[in-house]
Amino acid sequence: MEAKHLLETERVDKHSNPDIVGDERTLEKFLTQMASIRSQQTAEKTYQMQTLYGLKAVDNPMLSIGFNPFMGTPLEVLHTILLGLAKYMLKQFMPQMTNRMKEEVLARVNAFPHSGLHSKMFGNVCRYYNSFVGRDLKGWSQMSVCISSPYLSSDDRKVLLSFSKVFRIAYCNYFSPHLYHEWKSICENFVINVKHTMPELLNKPKVHLILHLVDCMVNLGPCSAFSAERCESFNATVWWWLKDIVFISYGATLCYDERTPWRQEHVSAWSTEETPCNMLFSILLAFPVLPLRICIVMIAQLQ
């Protein structure tokens, strides 16, 4: 009955409010709540406490190696802001434009000076925005206010302007404590504008995560320090090395470029036979994240 009473009193709102930051989780609070769940004598009380705290009584092996999942998993700019918010904006704005508007948008994009931008947008933004990658969306985000504003309603323009301010914060190279409240209000203002203009986007987790952007910067520094952009751009380097070495699972053929003799010497050491060793190594090269995960598991076992 005690657990049921807690469930009814402490968790008044059973549905989360995406435009408000609730009681944030910490490692200390997590350990206390897990201890409370495990102390229950019956399965019913355990289930009630798990529902109350939103946790399951499952051991996390990462805690044994000193990893704090609440401080070590911050908001990630590439997938949250570029592949998330920026793409949401394009999907909202582009279908509303007429063909004449889209032609003018393309003309504005082609005439826009790219010399001062971090990255350049490639492709037809009016036609291929669903296939845009982070580089393209980053370029669009930097020029979107100048390019798209004349063709949007006042409410959409307000959302786009507030998004551009959030984008500026995310790619700022410094952080000063006296800007904390100002930057927090900018993020909150963006979510409020989305709530009033595009309510269908409000339940998307990436919109709510913007409310935690500044706190992540307080804990870990500028977003560029923990963004996946550099990590994923390294995949291009790996594929550049692999593009002349093609492993085919069934044929196990080996191809290389005759224009790069220094690679021929390196490639000649590889066997073209379909052996388990060659197959395993080709998989590890094709997916660089796998060796990292294997190393993490090995370290956890050593502990």
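Predicted model only: the values in this text are computed from it and were never measured.
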Q | Same apolar cluster: V133 and L78, side chain cutoff 4.5 Å | A | no
Determine whether a donor-acceptor pair (N or O, by modelled atom type, separation under 3.5 Å) exists between the side chain of T197 and the backbone of V194. no
Value for OG (S153) from CG (L160), rounded to nearest 0.5 Å, stands at 10.5 Å
Notebook entry, point to check: Counting distance only, does the side-chain N/O of T98 pair as donor-acceptor with the main-chain N or O of M101 below 3.5 Å?
Noted result: yes
Here the gap from F93 atom CZ to S149 atom OG, rounded to the nearest 0.5 Å, amounts to 8.5 Å
*Does K138 come within less than 4.0 Å of E229, counting only side-chain N to carboxylate O?*
yes
Quiz item: Does CG belonging to N99 count more than 12 external heavy atoms closer than 6.0 Å?
Solution: no
Fill in: Evaluation steps, side chain to side chain contact (heavy atoms under 4.5 Å, CB included), between T32 and K29
CA-CA 5 Å; T32 303; K29 187 183 298 183; 5.6 Å; no
Could you check M198 against D156 for side chain to side chain contact (heavy atoms under 4.5 Å, CB included), going step by step and ending with a plain yes or no? CA-CA 9 Å; M198 308 171 183; D156 289 345; 3.8 Å; yes
Nearest heavy-atom contact between S227 and E76 is OG-OE2, 3.4 Å
message = Tell me whether the count of non-hydrogen atoms from other residues, nucleotides or ligands lying under 6.0 Å of NZ in K158 goes above 12.
response = no
Open item on the list: Checking L90 against L137 for the side chain to side chain contact (heavy atoms under 4.5 Å, CB included) test, could you report, in this order, the C-alpha distance in whole Å, the side-chain angles of both residues, the deciding distance, and whether it holds?
Closed with: CA-CA 9 Å; L90 280 171; L137 293 167; 3.6 Å; yes
A cation-pi test, strictly: NZ or CZ of K204 under 6.0 Å from the centre of the six-membered ring of Y88 and no more than 45 degrees from its axis. Yes or no? yes
Could you tell me whether the side chain of N189 and the main chain of S185 form a donor-acceptor pair under 3.5 Å? no
W183/V214 under side chain to side chain contact (heavy atoms under 4.5 Å, CB included): CA gap, chis, key distance, verdict
CA-CA 7 Å; W183 286 9; V214 182; 3.7 Å; yes
**Prompt:** Do other residues, nucleotides or ligands put more than 12 heavy atoms under 6.0 Å from the NZ atom of K165?
**Reply:** no
How about Y128: does its OH atom have over 12 heavy atoms from other parts shown lying under 6.0 Å from it? no
Fill in: Ionic contact status for D136 with K87, cut-off 4.0 Å
no
Separation between CD1 (I210) and NZ (K184), nearest 0.5 Å, reads 11.5 Å
Here the pair of heavy atoms bringing S36 nearest to Q40 is O-NE2, 3.0 Å
Any link between V166 and V218 through a network of hydrophobic side chains (Ile, Leu, Val, Met, Phe, Trp, Tyr) touching at under 4.5 Å? yes
Q. Salt bridge or not for R108 and E104, using N-O below 4.0 Å?
A. no
To the nearest 0.5 Å, atom OG1 of T80 lies from atom CG of L75 at 4.0 Å
Can a donor-acceptor pair be found, under 3.5 Å and without considering hydrogens, that links the side chain of Q33 to the backbone of L55?
no
TODO: State yes or no: do L31 and V58 share one hydrophobic cluster built from I, L, V, M, F, W and Y residues joined by side-chain heavy-atom distances below 4.5 Å, directly or via other members?
DONE: no
The reported gap from CD1 in I81 to CG in L209 (rounded to nearest 0.5 angstrom) is 10.0 Å
| Minimum side-chain heavy-atom gap M217-C223 below 4.5 Å | yes
Do M62 and I65 have side chains that get closer than 4.5 Å, going by heavy atoms? yes
Flag for E200-Q92: side-chain donor and acceptor within less than 3.5 Å
yes
- [ ] Kindly determine whether Y171 and F167 satisfy ring pair (Phe, Tyr, Trp, His ring centres under 6.0 Å), including the steps that lead there.
- [x] CA-CA 6 Å; Y171 283 94; F167 178 85; 4.8 Å; yes
- Message: Assigning hydrophobic clusters by single linkage (Ile, Leu, Val, Met, Phe, Trp, Tyr; side-chain heavy-atom cutoff under 4.5 Å), is L220 placed with F67?
- Response: no
* Is the OH atom of Y47 crowded by more than 12 outside heavy atoms at less than 6.0 Å? -> no
Discussion item. Would you say that M97 contacts V105 through its side chain, given a criterion of any heavy-atom pair below 4.5 Å between the two side chains?
Written reply: yes
Here the pair of heavy atoms bringing A57 nearest to I37 is CB-CG2, 3.9 Å
For L83 and F132, the nearest pair of non-hydrogen atoms, with its separation, is CD2-O, 4.2 Å
Value for CZ (F190) from CD1 (I169), rounded to nearest 0.5 Å, stands at 11.5 Å
### Message
Tell me if the CZ atom of R38 is crowded by more than 12 foreign heavy atoms within 6.0 Å.
### Response
yes
Residues C187 and L213: closest non-hydrogen pair is SG-CD2, 4.1 Å
Item to complete: Might you confirm whether atom CD of E44 has over 12 heavy atoms from other residues, nucleotides or ligands at distances under 6.0 Å?
Response: no
G221 and F226 have their tightest heavy-atom pair at O-CE2, 3.4 Å
* Asked: Is any side-chain heavy atom of N219 closer than 4.5 Å to a side-chain heavy atom of F70?
  -> no
**Prompt:** Do V191 and H208 have side-chain heavy atoms sitting under 4.5 Å apart?
**Reply:** no
